[in-house]
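In what follows, chains are A, B, ... by sequence order, proteins preceding strands, each numbered from 1. Please read all numbers here as calculations on a predicted model, not as lab measurements.
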Number of protein chains: 2
Amino acid sequence: MNSLAQKNTRRGRPPKVNHDNHDTRAALIRSGVELLTEHGFFASGIDKILKKIGVPKGSFYHYFSSKEDFGREVIENYASYFAKKLDTHLLNVELDPIQRIGSFVEDAKAGIQKHHYKRGCLVGNLEQEVDVLPDGYRQLLTDIFIDWQHRIEVCLREAQQQQLLSTNANCALLAEFFWVGWEGAVSRARLTQSAQPLENFLNQYLAGLPR
Amino acid sequence: MNSLAQKNTRRGRPPKVNHDNHDTRAALIRSGVELLTEHGFFASGIDKILKKIGVPKGSFYHYFSSKEDFGREVIENYASYFAKKLDTHLLNVELDPIQRIGSFVEDAKAGIQKHHYKRGCLVGNLEQEVDVLPDGYRQLLTDIFIDWQHRIEVCLREAQQQQLLSTNANCALLAEFFWVGWEGAVSRARLTQSAQPLENFLNQYLAGLPR
DNA sequence: ATTTTACTAGACGATCGGTCTATTATGTTC
DNA sequence: GAACATAATAGACCGATCGTCTAGTAAAAT
């Protein structure tokens, strides 16, 4: 009995083969990204996530087994989106490596301003909630920072090769310093509803790099 | 009729004149400081704050008119506690001004380690929640950062006078950069449950200061 | 028509901040 | 000591909201 014959013996509506390409499912994740970026995990109720896109509450647990699983997908979605954004700047050969960092900051700053300082960094938001988040989120968030840090580190090494950064510089530690400060700057920008903390952070960070 | 006579016409137990010196009230604020430092405002339920010190719920609204008012007092209590801690380090004439900053960082690091990376900075926690916090908290938190920034700024100016910092340095912006980065470092230390981000932040910050 | 899956409607218990009434404890004046 | 008034405690209760779940309808195949 071949697979076609097997298929023909099955009666009733066949299960959907690809569970990941539903409009509704994708819309839920997109809505989740937006709300978690604004308010973090706990303050983002499932009702609000659903209401934002007009999906009834009963549907949620058809697409996701729990808020915890949903959050995991939201985080991964954001991380991959953000990694692409980083690449477009940090791998831009039209700019020197130092300028690329400034290019990323300008892009992120524009996004934050566009949303009137209501949206921050999803990973930064959840970082601060981590003690009351589901188990496993901690490692997830840590790995994302490691990934981002590595991308900046590569960029800084390229700056070293182009004599824009001292060869004595520890690029890994400088990259960690960047993200630590950046998350702090985003948080402060949201508090003061001003881009000034972002700009000052970039200026001070670049000025402090060993040349 | 003089005031004494008026007093004598009132019968019964007179109202307490000083509402701020009750043990229970102080204990509630202390409990609030601890919980808000660990979990922020929203995740700190009144029940948990009460349970921590064995005070019944009925007492809460005797001492405070609302969670919002309570939170305001908790914030102010933390801010004054923290300001004192800053002074003990930043005004310590036995160290040079740059060393004083390191002295503060060491102290704070020890505190975070002592609580196993479960407690962060109360102001930093609430900073990130500010969009969903009661009105007025935003200004309250902003003012606290301005105060802290000013204390670091004064310290940096003293460093300039002692030729430890370039006279070209903008001490106000460097002070803002410090707190922005510090809050980011505390958040990261809690995520990774390690003091390394705190140490790296201090090292990079000091290394980046214009000499 | 029947079978199977995709999707939805709304109930459910737990918990939240907040309010309420009742009660006990304490201190002052007559 | 009796009468009085406030301090403080006790915990039931409310409406709202949380994440989750069960029972059902709609749709697509045989």
Ion pair check, E183(B) and R188(A), cut-off under 4.0 Å: no
Salt bridge R72(B)-D69(B), side-chain N to carboxylate O under 4.0 Å: yes
Using OP1 and OP2 only, check whether a side-chain N or O of [X] sits under 4.0 Å from [N].
{"X": "T24(B)", "N": "dT9(D)", "value": "yes"}
{"X": "S59(A)", "N": "dT8(C)", "value": "yes"}
{"X": "H62(A)", "N": "dA6(C)", "value": "no"}
{"X": "Y61(A)", "N": "dC21(D)", "value": "no"}

Distance, rounded to the nearest Å, where [X] contributes [atom1] and [N] contributes [atom2]:
{"X": "Y63(A)", "N": "dA6(C)", "atom1": "OH", "atom2": "P", "result": "10 Å"}
{"X": "F64(A)", "N": "dA6(C)", "atom1": "CZ", "atom2": "C1'", "result": "15 Å"}
{"X": "K67(A)", "N": "dC21(D)", "atom1": "NZ", "atom2": "P", "result": "15 Å"}
{"X": "F70(A)", "N": "dC18(D)", "atom1": "CZ", "atom2": "P", "result": "14 Å"}

Any donor-acceptor N/O pair under 3.5 Å between dG18(C) base and K57(B) side chain: yes
Touch class at under 4.0 angstrom, heavy-atom based, for F60(B) against every strand present: nothing
D131(A) side chain to H39(B) side chain, donor-acceptor N/O pair below 3.5 angstrom: no
Atom NE2 of H115(B): over 12 foreign heavy atoms under 6.0 Å: yes
